[in-house]
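All chains are named by letter (A, B, ...) in the order of the sequence lines, taking the proteins before the strands, and each is independently numbered beginning at 1.
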Number of protein chains: 2
Amino acid sequence: MRKDIHNSNIPVRCMSCEVRHKGMCGALSADELLALSAHTRLVNHESGDELAGEKMPAESYATVIRGVVKLTKTLEDGRQQIVGLQFAPDLLGRLNADENAVSVEAASDVNLCRIPKAALERMVKSNPALAERLMAQTLRELDEARDWMVTLGRKTAAEKVASFLLLIATHLDPEAVGEKRQFDLPLSRADIADFLGLTIETVSRQMSKLKADGVISIVANRHIEVPKVSKLKACCGS
Amino acid sequence: MRKDIHNSNIPVRCMSCEVRHKGMCGALSADELLALSAHTRLVNHESGDELAGEKMPAESYATVIRGVVKLTKTLEDGRQQIVGLQFAPDLLGRLNADENAVSVEAASDVNLCRIPKAALERMVKSNPALAERLMAQTLRELDEARDWMVTLGRKTAAEKVASFLLLIATHLDPEAVGEKRQFDLPLSRADIADFLGLTIETVSRQMSKLKADGVISIVANRHIEVPKVSKLKACCGS
DNA sequence: GCGACACTTTGATCTCGATCAAGAAAATGC
DNA sequence: GCATTTTCTTGATCGAGATCAAAGTGTCGC
């Protein structure tokens with residue numbers, strides 16, 4: 001993990017935070033936000049930084065302010081699977097758990113708002129609305145995990161890649177209207193492969209096929225354009 | 001779904017319920033249990049009964065008293081994936097959700113304790129300990145879903161089948177000591193295939209192979225003996 | 001601008017698990 | 001108990017995606 005010398009002591013102005021009304025902070029009053037800002041620290045990480053290790057003690061929680069974080073699990077022999085992606089304004093960390101169940105890594109450059117373990121847990125105990133919001137996020141993550149199990153277990157490689165592109169398009173620009181979408185992939189081909197249970201080569205071939213079929217255009221390596229979302233959706237098998 | 005004429009009005013004696021101290025009821029006082037018993041109903045379902053449909057309105061919650069319940073998702077063209085198994089004393093139903101995200105089906109004959117939607121939600125609002133326990137169950141389900149994503153995405157057919165047998169052995173007899181395990185599979189070969197993202201034939205072949213290798217014996221179709229759990233674990237790839 | 005390195009694409013071949021096809025064994029009904 | 005149906009096993013073949021190999025493209029430091 002990269003040392004974040006320049007980040008270690010940035011005060012946080014929760015009231016003017018860009019995710020102020022989203023995520024867990026939306027459940028907090030002005031007073032509570034003020035109290036919270038005494039504990040929180042803004043930190044930046046660059047793509048590839050490991051934020052927490054699988055089976056390591058859990059030290060703090062963090063809210064994603066900007067960027068994408070990947071949650072991975074690894075088998076002894078090195079086979080890896082991405083088991084979740086977190087976007088702003090998700091909270092990282094399992095409530096009341098002492099140990100990480102997954103490894104947490106910055107998939108892109110990210111801004112996080114760190115909250116010490118005890119501070120968040122205290123606040124959850126005294127604020128049922130906050131507890132309820134965290135429950136809602138956890139249920140949403142469970143739904144996403146189960147949706148992804150269908151993709152992993154029952155979809156073809158072509159459907160998997162299309163489903164992934166749709167997932168990214170949806171998350172990076174949730175308010176988009178009309179049929180057109182364009183975005184930068186926050187993940188490398190290797191990461192996409194780890195997410196989809198495929199190899200790099202298969203991901204690459206399926207992307208080329210989607211391009212050849214006119215479903216997407218690959219403007220730059222990472223920059224994708226989707227002329228008609230409905231056409232992409234039709235490739236997802238669901 | 002089978003009509004449960006004989007079940008429709010069985011009063012529940014929560015205080016002497018066999019899962020009294022387990023699951024969510026462990027968070028309730030004697031008074032609360034008494035109040036709860038005014039709302040709950042014991043119901044029995046036989047294997048194959050559909051308890052709730054995907055995308056149907058959620059009508060009530062239920063605690064699994066005995067048996068195994070499967071949660072499934074289905075693609076338009078009929079491909080199916082089991083996304084979760086629930087054992088006693090798990091609670092069925094997503095808190096505060098109006099619609100089922102999954103289809104719920106009895107995998108074996110089951111006894112459930114039904115609780116009306118409003119009654120449970122009211123109780124959760126007034127009892128933080130209960131809310132906390134439900135959060136813990138949800139986090140456990142999320143962990144299990146993520147573990148299973150690794151199995152679906154990165155394990156071989158042989159490892160998948162071994163992992164499934166270990167999962168069942170662990171859940172059906174959590175307090176077992178020593179190396180020996182024996183149990184009845186609550187799922188048909190078709191269900192196992194749907195859980196593992198495989199075909200019936202592949203499941204059958206891999207079971208035969210585990211038997212040939214002396215890792216398990218198939219006493220009857222559904223009854224499995226594992227002489228050494230550690231040997232089975234070694235086949236799981238993790 | 002150029003060299004070094006990492007990432008991505010494309011091609012050739014192989015393998016694991018799917019599919020197709022019987023048969024065997026269990027469960028179910030009468 | 002015997003016929004019928006369903007479930008499970010085993011065999012033969014096929015194909016999607018993995019693996020092995022190489023070339024192409026982009027990125028970064030200097």
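- Between Ser204(A) and dT9(C), a side-chain N or O to OP1/OP2 separation shorter than 4.0 Å is present.
- You'll find that the side chain of Glu201(B) is closest to dC20(C), out of dG11(C), dT9(C), dC20(C).
- Here the P atom of nucleotide dT7(D) and the CG atom of Asp194(B) are 13 Å apart, to the nearest Å.
- In this structure, the CG atom of Leu196(B) is 18 Å from the P atom of dC16(C), given to the nearest Å.
- Side-chain proximity of Ser188(A) to dT8(C), dT9(D), dC20(D): nearest is dT8(C).
- Out of dC8(D), dA18(C), dT8(C), the shortest distance to the side chain of Arg189(B) is found at dC8(D).
- Where Arg154(A) and Asn221(B) meet DNA chain C, the nucleotide closest to each residue was compared, and Arg154(A) sits on the side nearer the 5' end.
- One interatomic measurement links the two molecules: CD1 of Ile192(A) to C1' of dT8(C), which rounds to 11 Å at whole-angstrom precision.
- Taking side-chain N and O atoms only, Thr202(A) has a distance below 4.0 Å to OP1 or OP2 of dA18(D).
- For Arg222(A) and dT27(D), a side-chain-to-base donor-acceptor distance below 3.5 Å is absent, hydrogens and geometry of angles not being considered.
- The side chain of Thr156(A) approaches dG17(D) more closely than any other nucleotide in the set dC8(D), dG17(D), dA18(C).
- Across every non-hydrogen atom of Val19(A) and Ala88(A), the tightest pair is CG1-CB, 4.5 Å.
- Partner of Leu112(A) under the side-chain contact (heavy atoms from CB on, under 4.5 Å) criterion, chosen from Ile65(A), Thr40(A), Leu51(A): Leu51(A).
- Rounding to whole angstrom units, CZ of residue Arg79(B) and P of dA16(D) are separated by 13 Å.
- Taking atom CD1 of Ile224(B) as the reference point, atom C1' of dT9(D) lies 14 Å away to the nearest angstrom.
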* To do: Report the C-alpha distance between Asp147(B) and Lys73(A) in whole Å, list the side-chain angles of each, state the deciding distance to 0.1 Å, and finish with yes or no for salt bridge (charged side-chain N to carboxylate O under 4.0 Å, His left out).
  => CA-CA 8 Å; Asp147(B) 278 339; Lys73(A) 285 190 155 250; 2.6 Å; yes
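- Between the side chains of Ser204(A) and Arg189(A), no donor-acceptor pair of N or O atoms lies under 3.5 Å.
- Rounded to whole angstrom, the span from the CG atom of Asp184(B) across to the C1' atom of dT7(D) amounts to 16 Å.
- Distance from the side chain of Leu198(A) is smallest to dA18(D) among dC20(D), dA18(D), dA18(C).
- A donor and an acceptor atom never sit less than 3.5 Å apart when one is taken from the side chain of Gln206(B) and the other from the base of dC16(C).
- Looking at which nucleotide of DNA chain D each of Ala158(A) and Ile218(B) is closest to, the 5′-most match is held by Ile218(B).
- Going from atom NZ of Lys155(B) over to atom P of dG17(C) covers 14 Å, rounded to whole Å.
- Applying the 6.0 Å contact sphere to CD of Glu59(B) captures no more than 12 heavy atoms from other residues, nucleotides or ligands.
- If you check every strand for non-hydrogen atoms under 4.0 Å, Ser208(A) touches sugar and phosphate atoms only.
- What separates NZ of Lys211(B) from P of dC8(D) is a distance of 14 Å, to the nearest Å.
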